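To start, the structure under review is shown below, and the notes come after it.
Here the structure is a predicted model, which is why all the values come from computation and not from measurement.
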Amino acid sequence: MADATRLPMVTASVDAALALHMLYHVPDIPRAVRELSRVVTGDGLVVASTNSDRDKAELDDLWQRAAGEVLGTGRGPARISLSARFSLEKAPAFLGEEFNRVETIELPGTITVRDPEPVIAHMASYQAWADQHDVPFEATIERARTILGEHIAQHGAFEVTCLGGILICRR
Ligand SMILES: C[S@@+](CC[C@H](N)C(=O)[O-])C[C@H]1O[C@@H](n2cnc3c(N)ncnc32)[C@H](O)[C@@H]1O
């Protein structure tokens with residue numbers, strides 16, 4: 001594996017480069033964008049993908065509500081969003097530094113959940129964030145399970161709206 005900010009490739013040596021759901025992990029995003037631009041040919045393209053700031057907002061709401069009820073604060077601290085550093089909303093500005101044409105293609109979707117357990121299993125991955133914010137993890141998960149169970153009993157399902165997207169970049 002190579003570091004996206006130091007690609008072991010000759011300048012203008014490829015017709016296309018993909019950066020799929022990864023630029024938000026890179027500490028120096030502008031440098032990685034410059035590297036992607038460097039390795040593609042003049043009429044080549046870079047395709048990046050990421051999530052919107054609004055992606056799966058219902059999961060954020062559920063977590064904050066459950067944590068807030070456990071902490072007695074009304075609404076708990078927000079879940080840390082990994083993609084926020086290079087979200088679909090922020091990506092065009094980063095990519096526009098190197099590319100004249102940046103086209104965003106939105107990819108919306110909905111996840112319909114009729115059983116709380118897949119959501120609860122996903123929330124098990126929030127433990128490190130909970131610990132960072134002094135949120136009691138097990139109690140918050142239990143509270144989320146109850147809230148979700150009540151929501152599904154009342155409405156028949158819990159809907160999670162997804163919004164990801166692809167950015168096509170050309171010079
Ligand atoms: C969410 S995964 C996406 C994987 C794959 N592109 C996909 O769409 O299924 C994020 C990827 O970013 C890679 N990554 C993180 N920092 C990186 C860096 N500085 N340079 C290159 N790759 C990096 C990780 O190794 C991981 O494979």
* To do: For the residue pair T112 and E159, confirm or rule out a side-chain donor-acceptor distance under 3.5 Å.
  => yes
* Assign the ring pair W63 / Y126 to parallel, tilted or perpendicular, where the plane angle (0 to 90°) is split at 30° and 60°. => perpendicular
* Could you state the interatomic distance from OG (S49) to CZ (F86), rounded to the nearest 0.5 Å? -> 8.5 Å
* To do: Would you mind checking if E69 and R65 are paired as a salt bridge, meaning a charged N to carboxylate O distance below 4.0 Å?
  => yes
* Structure fact -> d(E106 CD, L167 CG) to nearest 0.5 Å is 10.0 Å
* Applying the 4.5 Å side-chain criterion to the ILVMFWY set and letting contacts propagate, would L163 and I166 be lumped into a single cluster? -> no
* When rounded to the nearest 0.5 angstrom, what is the spacing between SG in C169 and CG in L36? -> 8.5 Å
* To the nearest 0.5 Å, what is the distance between CD (E142) and CD1 (I120)? -> 7.5 Å
Could you tabulate the donor-acceptor pairs under 3.5 Å formed by side-chain atoms of residues 95-102, not counting sequence neighbours?
residue : atom : partner : partner atom : Å
E98     : OE1  : S37     : OG           : 3.0
R101    : NH2  : R171    : O            : 3.4

* Asked: If two hydrophobic side chains count as joined below 4.5 Å and joins carry through other members, does F94 share a cluster with V40?
  -> yes
* Asked: Just by distance, with hydrogens left out, do S87 and D53 show a side-chain donor and acceptor under 3.5 Å apart?
  -> yes
* Any chance you could measure L62, atom CG, to R143, atom CZ, to the nearest 0.5 Å? => 10.0 Å
* May I ask you to say whether R75 pairs ionically with D61, meaning some side-chain N is under 4.0 Å from a carboxylate O? => yes
* **Inter-residue atom distance F158.CZ - H151.NE2, 0.5 Å rounding** => 6.0 Å
* Asked: How are the rings of Y24 and H21 set relative to one another: parallel (under 30°), tilted (30 to 60°) or perpendicular (over 60°)?
  -> perpendicular
* Of all the heavy-atom pairs spanning Q64 and P77, show the shortest one and how long it is. => CG-O, 3.5 Å
